[in-house]
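Bear in mind that the values here come from a model prediction, so they are computed numbers and not experimental data. We name chains A, B, ... by the order of the sequence lines, and we start the count at 1 in each one.
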There are 2 protein chains.
Amino acid sequence: MLTQERKTYLLDLLNREGRIEAKTIASALGLSDDTIRRDLRELAAAGKLQRVHGGALPRSPADADLIKRHGIASQSKNEIGKTAAGLIKPNQVVIIDGGTTALQIINHLPKDQKNTIVTHSPTVAVALGPYESITVIMIGGILFRHSMVNVGAASLDAMSHIYADTYFMGITGVDIDAGLTTGDLEEAHVKKALSLRAADTIVLASMEKLNTASPYMVMPLVSASGIVLDSSTSKTFTNQMRRVGLDVYISSKEPKLENKNQ
Amino acid sequence: MLTQERKTYLLDLLNREGRIEAKTIASALGLSDDTIRRDLRELAAAGKLQRVHGGALPRSPADADLIKRHGIASQSKNEIGKTAAGLIKPNQVVIIDGGTTALQIINHLPKDQKNTIVTHSPTVAVALGPYESITVIMIGGILFRHSMVNVGAASLDAMSHIYADTYFMGITGVDIDAGLTTGDLEEAHVKKALSLRAADTIVLASMEKLNTASPYMVMPLVSASGIVLDSSTSKTFTNQMRRVGLDVYISSKEPKLENKNQ
DNA sequence: CTTGTAATTGCACGTTTATGCACGTATTGT
DNA sequence: ACAATACGTGCATAAACGTGCAATTACAAG
């Protein structure tokens, strides 16, 4: 068995079993413990797994989970959320999309401003729990885990009763040619439908979404009314956006804070 | 079992059960008490849990990730959640109510059991996020903050498409005369409606709900099929329940663990 | 084909970590 | 106040660890 082959096997095994015991694998493969330990050490150094006494475990699922869930939001997303929140006037009815970028809006909402917020994301609804001055309307449906939003026929049906001032749309790809795109077909339909249920649709486009396209088209850029962009977005891109008729909102720059740990 | 693996297991267990008894776990894992105590000591030092005499408890209400808002679930609620989760068979479609008691069910669900769970609580939906083998259907509506559930006409409309095997109903008052009651009229209507959308309705009645009545009637006791009760419920009360035709499920008793701090 | 080099593997060695037991102390419930 | 239980500490043993080294293999250059 080749060395690299064995390493792949170890990772695969780790994925399947959730754990690796060095000694067991060594005898199973007819190799010395040292060899397996060496492999594990190298894989750990490459960040592919978490080395522990006696074997190995998946690379800190707990940590990865926390970052995913509580969302160490990128500076970019945070800035955009702040700018978008500033666009919401008292007593307006707004639709807030799922996804980490849209979630940032909530952190920047004034605690005492009266609004009605419509969302198809349970995460957003839970985050809005403490905001007592906000009426929350949830669109139900089948939960699509990847972005934690409700989709499907039930969603479309439920939103048909709503007409909002603004829809803040999260997106995974914004490109001048490909338009607004996302990674799930059902989600694309729901986003499109939501945009039809609001007077204005404002796209939230954090840095990493620009000039990229995902498999499923939500709608062309011209169907949106505005777009919120990171302060460091290139002039070229902002001009492209303006040329197709979008209002461009540039998020205000904030001093960078870095986290040395991890 | 690897040491680190065991520590993760302990934390996971703590999340699910809300408590850890050192001696019990030690014998369950076939290790000496010392080893488990050492683990708990180290996890406590790392701030992952709260060490107490006899075992461990979640570090603080703030940290226990599911239990966040409403504080640590009482032992009673946890027991009841465990028992209720045991009543859910693979591939069943069940409706899970909002509220802290019903939320406990989720902690006790097997990670790999296939089910469809219908809920009108965004909190429940978010908690179910990691359970990939479970299809989650959300009932939308207007968010009623006190118990974090969606209510209103939209809810009733959405649930009309569903017929489930079992509805686990949380409640704020259970009384032989007053029946099943709750503190909000709209919520009462929704609970009643949900109960009509399931073959069986099983009531979750933690200790403090017994022999009390809230202002709004959900339905009479006889309309339910069963009730899950705390292990320390009086014989008198369980007999009352049986007499009106309910299946009574008694949660298993666990020894007490107290936390001195706070 | 031969030789040299790098990679791989197993072993020996001393070090670190994990575990269980013993013992004295602290906490709890009666 | 007393008995039972849980606790922490120190210690001994065994397992796992990393490092250095030598033997082997793979492979490319000559």
Asker: Round to a whole Å and report the spacing from CG of B:D39 to P of C:dA18.
Answerer: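 It works out to 9 Å between those atoms.
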Asker: Take atom CE of B:M1 and atom P of C:dT19, then tell me their distance rounded to the nearest Å.
Answerer: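 Those two atoms, CE and P, are 11 Å apart.
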Asker: If you measure from CD1 on A:I171 to CD on A:E187, what distance do you get to the nearest 0.5 Å?
Answerer: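 Separation between the atoms: 8.5 Å.
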Asker: Write out all pairs satisfying side-chain hydrogen bond (donor to acceptor under 3.5 Å, both in side chains) with one or both partners inside residues 168-177 of chain B, taking only residues at least two apart or from two chains.
Answerer: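 Non-adjacent pairs meeting side-chain hydrogen bond (donor to acceptor under 3.5 Å, both in side chains): B:T172-B:S214.
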Asker: Whole angstrom is fine here: how far is it from CG in B:L2 over to C1' in C:dA18?
Answerer: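 Taking atom C1' of C:dA18 as the reference, CG of B:L2 is at 12 Å.
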Asker: Is there side-chain contact between A:V52 and B:E5, with at least one heavy-atom pair below 4.5 Å?
Answerer: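 Counting from C-beta outward, A:V52 and B:E5 never come under 4.5 Å.
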Asker: Do any side-chain nitrogens or oxygens of B:T35 fall under 4.0 Å of OP1 or OP2 in C:dT19?
Answerer: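 B:T35 to C:dT19 OP1/OP2: no side-chain N or O under 4.0 Å.
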Asker: In this structure, how many angstroms lie between the P atom of C:dT19 and the CG atom of B:L29, rounded?
Answerer: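 After rounding, the reported distance stands at 11 Å.
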Asker: A side-chain contact here means heavy atoms from C-beta on lying under 4.5 Å apart; do B:H146 and B:D184 qualify?
Answerer: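 Side-chain contact under 4.5 Å: no.
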Asker: Quick one: OG1 on B:T8 to CG on B:L13, what's the gap to the nearest 0.5 Å?
Answerer: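 The CG atom of B:L13 is 12.0 Å from OG1 of B:T8, to the nearest 0.5 Å.
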Asker: Shorter than 3.5 Å, N or O on both sides, protein versus nucleotides 8-11 of chain D: list them out with atom names.
Answerer:
from  : atom 1 : to    : atom 2 : distance (Å)
D:dG8 : OP2    : B:R41 : NE     : 3.3

Asker: So, does A:S121 use its side chain to make a donor-acceptor pair with the main chain of A:M148 at under 3.5 Å?
Answerer: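 Judged by distance alone, yes, a pair lies under 3.5 Å.
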Asker: Can you find a pair of side-chain heavy atoms, one from B:L229 and one from B:L210, that are under 4.5 Å apart?
Answerer: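 SC-SC contact between B:L229 and B:L210 confirmed.
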Asker: Rounded to whole Å, please give me the gap between NE2 in B:H53 and C1' in D:dT5.
Answerer: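 Nearest whole value for this atom pair: 6 Å.
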Asker: Would you indicate which nucleotide in C:dT8, C:dG10, C:dT19 comes nearest to any side-chain atom of B:L31?
Answerer: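 Nearest listed nucleotide: C:dT19.
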Asker: Just the rounded figure in Å: distance from P of C:dC11 to CG of A:D33.
Answerer: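 From A:D33 CG to C:dC11 P: 10 Å.
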Asker: Determine, step by step, whether B:R37 and B:R51 satisfy the side chain to side chain contact (heavy atoms under 4.5 Å, CB included) criterion, reporting the C-alpha distance in whole Å, the side-chain angles of both residues, the deciding distance to 0.1 Å, and the verdict.
Answerer: CA-CA 9 Å; B:R37 276 207 299 270; B:R51 188 77 170 81; 3.4 Å; yes
Asker: To the nearest 10°, give me the bend of the helix from C:dC1-D:dG30 to C:dT30-D:dA1, comparing the axes of its five terminal pairs at either end.
Answerer: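 Roughly 40°, once rounded to the nearest ten degrees.
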Asker: Think A:T3 has a side-chain N or O under 4.0 angstrom from the OP1 or OP2 of C:dT9?
Answerer: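 So the side-chain polar atoms of A:T3 do come within 4.0 Å of the phosphate oxygens OP1 or OP2 of C:dT9, strictly under.
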Asker: Rounded to the nearest angstrom, tell me the gap between atom CD1 in B:I36 and atom P in C:dT19.
Answerer: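 Rounded to whole Å, this separation is 9 Å.
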Asker: Is the shortest side-chain N/O distance from B:K23 to OP1 or OP2 of D:dT5 below 4.0 Å?
Answerer: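 No.
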Asker: Mind calculating the distance between CD (B:E42) and P (C:dT17) to the nearest angstrom?
Answerer: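 Rounded to the whole Å, the gap is 11 Å.
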Asker: Assess whether side chain to side chain contact (heavy atoms under 4.5 Å, CB included) is satisfied between B:N107 and B:N15, documenting all intermediate values.
Answerer: CA-CA 7 Å; B:N107 291 334; B:N15 243 332; 5.9 Å; no
